[in-house]
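As the structure is a prediction and not an experimental result, all values here were calculated from the model. Protein chains get the first letters and strands the later ones, always in sequence-line order, with residue 1 at the start of each.
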Amino acid sequence: MLNRTDAFSGFESRNEKRGGGKGETMTSRKYNPHEVEEKWQAVWEKRGMFRVTEDPKRPKYYLMEMFPYPSGNLHMGHVRNYSIGDVLARYRRMNGWNVLHPMGWDAFGMPAENAAIESGVHPATHTDRNIQKMIRQLKRMGFSYDWDREINTSAPEYYRWEQWLFIQMFRKGLAYRKSSEVNWCQQCQTVLANEQVEGGKCWRCAREVVPRELEQWFFRITEYAQELLEECGRMDGWPERVLTMQKNWIGRSEGGRILFPLSDREGGIEVFTTRQDTLFGATFMSLAPEHPLAMALAEGGDREREVRAFIDRIRRQDKRSRVSEDYEKEGVFTGAYCTNPVTDERIPVFVANFVVMEYGTGAVMAVPAHDQRDFEFARRYDLPVRVVVLPEGVDHLAAESLEEAFEGDGILTDSGPFSGLESAAARKKITAYLEEKGLAEATVQYRLRDWCISRQRYWGAPIPVVYCDRCGIQPVPEEDLPIRLPMDVDFQAGGSPLAAHPEFVKATCPSCQGPARRETDTMDTFVESSWYFDRYTSPHYDQGMFDPEKVDYWMPVDLYIGGIEHAVLHLLYSRFYTRVLRDMGMLKVDEPFRNLLTQGMVIKDGAKMSKSKGNVVDPDAMIRRYGADTTRLFSLFAAPPEKDLEWSEQGVEGAFRFLQRIWRWLEEWREELIDVSPYDGPVPAGEPAASLYRKVHETIYRVTRDIGERLHLNTAVSAIMELVNELYQVDRSRVREGALERSVLRMAIETVLILLSPYAPHIADELWAGLGHEKPLLEVPWPTFREEALRKDEITLVVQVNGKVRSKLQVARDLPQGEIERKALEDEKVQRFLSGKPPKKIVYVPGRLINIVA
RNA sequence: GCGAGAGUGGCGGAACCGGCAGACGCACUGGAUUUAGGAUCCAGCGGGCAACCGUGGGGGUUCGAAUCCCCCCUCUCGCACCA
């Protein structure tokens, strides 16, 4: 363990013998972060400084960070995320905004339940204990949360409204039940979310996960696919990267559905294709092994056994390896044929391992000449290849000598009346032609699938429905909400504890009053996080999900900060939920998050911190050794927010040194400055006062812009450091003789403290109070800079010859161009590089440089 | 394969809209102070003796390019038999 005195050793001895040198004796205090931080945290709490209410007189600013799962341990990723948020929240407050900055707990989820299975501690107890621990950690970091708005998603007061909304969604058909294939762990006897399957294995017991067909609850997110996609194009406050990921995830393709009638029997096979222009080249059909017709077509024929064996084999294969890159394409002929609707040819129907049931119709028209997969398949099984699209400028392609499919658009050939058309036009015409015959329709296909929200787990919000043998699925009456999780459950039995709880399962049908069976699945935890930002606006409201007036005042969130790992799931679900609530008349906004900041990971030794790599840095240890201010400061200074941050112990030392440097400077100057008021006027006459004054205003300008506009939190720290370096250059004797007024010096150090306060609020408040101030810095207005202080009377002009810097000129800011040119040409160094030749051209950029072209 | 982002000293990173490359910090070196320093303060710190050369490599536009354009290389992330 680190020794606390290590960090302070410099002070211990220094303090003993301070006071000599400059003829003064003062008892100086050493910087003890713990003392300072705990003191100020208590003051802030006592003043209730972080509480916020609606205020029509001030502009609102809703800033939040993604809430954590209460694991019981704050990690560096949290520290970074919340430090970024806290700087911005404090900055906005000091600039006059009414800032909502809440925190809560994404409290449902598997880890608590797994802990219960292993240790016997109830998930609720486990979760509450963890929350208490993390609250202490967050408070110890000094984050400015309004704790009165704390949300715990596992509280019945919260999930009650989630159940309520579920019922509304059920009534509108937005929540529905269907059979689907899910990840099933045989060891744990439960469904696993996709993100809980690691490399095809259960993340807990490492047993192979198998697909299993189960009835599940879904939310109809696909209903909003088009709107969710379109809005991506207008969300200028989100990183392009995230929008692209969402667009890809939604995955819109325009195409058509085409019916291939079956030969020798009733019915047909419907395919989805984006390449209607290649229809004349479709020489066989491929079905997914899961396709209902796959087995049906083979049944009774001589290929039945072979087809069954193939389908069984493929379906047993792990889904993951089935979609891997090196998966070899194979298939089996079903013995059946269908008819190409434009050529009237009989084409064989295959079952192919690379066709997936989940996309389109689970059936693909195979065009080997123009699709690489079909091409490989055709070569392997010796199926005909027919070229029907020629690349621009090519008038013939021999199918036999083709080495790969031509997948581009081109000019149609061998396509009956459509030959000669361009691909794009042909797609439309061929679809229209078949539409008339009732064999096709133009459709849009999305990759996005409906959101499966049921989980066969205990620690989640119960889905509020009952099953009645007579009346079917019945939503629970609203007055019976919340459907509470029973506490007396057995976790050791395996399987879902709710299903094994007879009193929970036993229910009455709200329709016929007869006996019914309660749903024992719980909701995906992503459901809770899809609306918690609405709930923060009125967390104790008990008449509905949230108070309509308050939600209208605060929403949308002005800035949302979190990790990129939620780029699709959580952020897409929240966007969906916001629209559902809007369409129910409960919200007036379309989008929940106006601006999104995705912060980078915290890494150590080049890798993400993880227990298995043994490179975890514990925030508690950092606080113990350096304090919260240093921990915050380093995590903000070492990299810009969006980039990954390499944790460096030496870097942390540097941040700690910087804070000590400010502390020490004030120790040395306090007596000189204690009775002085800060200078508050125009640029003072005479040096060094004017220079220091300018530096102060330049710093205000830079820090304000870096935090407020550019979100470059790291460079703002650099700017403050520069100002502090400048303060260390101040010559005490010049102050004594009056060349540098004490008031200017006082203004400078006060500015340092104000600008620093969002980053290191405790030490800033301590030193601020030490200067005699009563109010904490959070209640002090942010300083403004004077324009005229940024304009220097005398500027350094760069002099280039042929684009290379050769000299510099000190000139008056408003010196006319002619004068400047004359001075530049007279310059000795310039003359050397001109070697007597007259300049061909002179480029003058006012205030910046002059370039002489020889 | 497709899409996005990135490549700058020994390291983390600055450099706004094309105008002094390397701010600030770390590491390192020297000095001061000190019984001592792994503390503090001050100074130095891309390469090269120099002319000069330097922002992944090559070309281009421009008076002038880390920044804009074209080609290539490398890395990171996302998607990926999507029909």
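Dashed line: the shortest gap from a side-chain N or O of A:T274 to OP1 or OP2 of B:C82 is not under 4.0 Å. The shortest distance between the side-chain N/O atoms of A:R664 and the OP1/OP2 oxygens of B:C41 is below 4.0 Å. Remark: A:R447 is not in phosphate contact with B:A83, judged by side-chain N or O atoms under 4.0 Å from OP1 or OP2. The phosphate of B:C42 (OP1 or OP2) has a side-chain N or O of A:Q729 nearer than 4.0 angstrom.
Seen from the ring of A:Y728, A:R661 counts as a face-on cation partner, given the 6.0 Å and 45° thresholds. A cation-pi arrangement is absent between A:R80 and A:W647 under the rule of less than 6.0 angstrom and at most 45 degrees off the ring axis. Figure legend: A:R806 and A:F833 shown as a cation-pi pair, the cationic atom lying under 6.0 angstrom from the six-membered ring centre and within 45 degrees of its axis.
Comparing B:A66 with B:C73, their P atoms are spaced 23 Å from each other, to the whole Å. If you take atom P in B:A23 and the same atom in B:G13, they sit 15 Å apart, rounded to whole Å. As rounded to the nearest Å, B:C11 and B:A27 have C1' atoms that lie 7 Å from one another. Using atom C1' as the reference point in both B:G56 and B:C75, the two lie 10 Å apart (nearest Å). B:A65 and B:C24 are spaced 25 Å apart, taking the C1' atom of each and rounding to whole Å. Going from the P atom of B:C20 to that of B:A39 covers 36 Å, rounded to whole Å.
The nucleotide whose nearest atom lies closest to any side-chain atom of A:V364 is, among B:A43, B:G3, B:A83, B:A83. Among the nucleotides B:G19, B:C20, B:C16, the one closest to the side chain of A:K808 is B:C20. For A:K329, taking side-chain heavy atoms from C-beta onward, the closest of the listed nucleotides B:A83, B:C81, B:G12 is B:C81. Listed candidates were B:G3, B:G19, B:G78. Nearest to the side chain of A:T244 is B:G3.
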Do any N or O atoms of the protein come closer than 3.5 Å to N or O atoms of nucleotides 50-54 of chain B, and which pairs are they?
none

Measure all distances between protein nitrogen or oxygen atoms and nitrogen or oxygen atoms of nucleotides 21-29 of chain B, and list the pairs falling under 3.5 Å.
from  : atom 1 : to     : atom 2 : distance (Å)
B:A23 : O2'    : A:E722 : OE2    : 2.6
B:A23 : N1     : A:S718 : OG     : 3.3
B:G25 : OP1    : A:N725 : ND2    : 3.2
B:C26 : OP1    : A:R657 : NE     : 3.1
B:C26 : OP1    : A:R657 : NH2    : 2.7
B:A27 : OP2    : A:R657 : NH2    : 3.3

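Nucleotide B:G60 carries an anti base; the chi torsion (O4'-C1'-N9-C4 or O4'-C1'-N1-C2) is more than 90° from 0.
In this structure, A:A639 and A:E240 both approach RNA chain B, and ranking their closest nucleotides by distance from the 5' end singles out A:E240. Along RNA chain B, the nucleotide closest to A:R848 and the one closest to A:H712 are compared, and the more 5′ of them pairs with A:H712.
With hydrogens and angles disregarded, no donor-acceptor distance shorter than 3.5 Å links the side chain of A:D277 to the backbone of A:A424. Remark: side-chain polar atoms of A:Q599 are not paired, donor with acceptor, to backbone N or O of A:K643 under 3.5 angstrom.
With sequence neighbours left out, A:R575 forms a salt bridge (Lys or Arg N to Asp or Glu O under 4.0 Å) with A:E591. Every residue two or more places apart in sequence or in another chain was checked for a salt bridge (Lys or Arg N to Asp or Glu O under 4.0 Å) with A:R379, and none qualifies.
Around CZ of A:R710, the count of heavy atoms belonging to other residues, nucleotides or ligands within 6.0 Å exceeds 12.
Counting only Watson-Crick and G-U wobble pairs whose two distances sit under 3.5 Å, RNA chain B takes part in these stems of three or more pairs: B:1-7 with B:73-79, B:10-12 with B:24-26, B:28-32 with B:40-44, B:56-60 with B:68-72.
Here A:S253 lies in heavy-atom contact (under 4.0 Å) with sugar-phosphate atoms only. A:Y728 comes within contact range of the sugar-phosphate backbone alone, with a heavy-atom separation under 4.0 Å but no base atom that close. As judged by a 4.0 angstrom heavy-atom cut-off over every strand, A:N851 is placed among the base-contacting residues.
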Could you go through residues 632-642 of chain A and list every donor-acceptor pair under 3.5 Å that involves a side-chain atom there, pairing it with any protein atom two or more places apart or in another chain?
from   : atom 1 : to     : atom 2 : distance (Å)
A:R632 : NE     : A:Y759 : O      : 2.9
A:R632 : NH1    : A:D86  : OD2    : 3.0
A:R632 : NH1    : A:M141 : O      : 3.0
A:R632 : NH1    : A:G142 : O      : 3.4
A:R632 : NH2    : A:D86  : OD2    : 2.7
A:R632 : NH2    : A:P758 : O      : 2.9
A:S635 : OG     : A:T631 : O      : 3.4
A:S635 : OG     : A:R632 : O      : 3.0

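Put simply, the side chain of A:K840 and the base of B:C63 share no donor and acceptor less than 3.5 Å apart.
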Steps toward salt bridge (Lys or Arg N to Asp or Glu O under 4.0 Å) verdict (A:R313, A:E330): CA-CA 12 Å; A:R313 180 162 63 84; A:E330 51 175 334; 3.2 Å; yes

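Judged purely by distance below 3.5 Å, without hydrogens or angles, the side chains of A:R252 and A:Q226 pair a donor atom with an acceptor atom.
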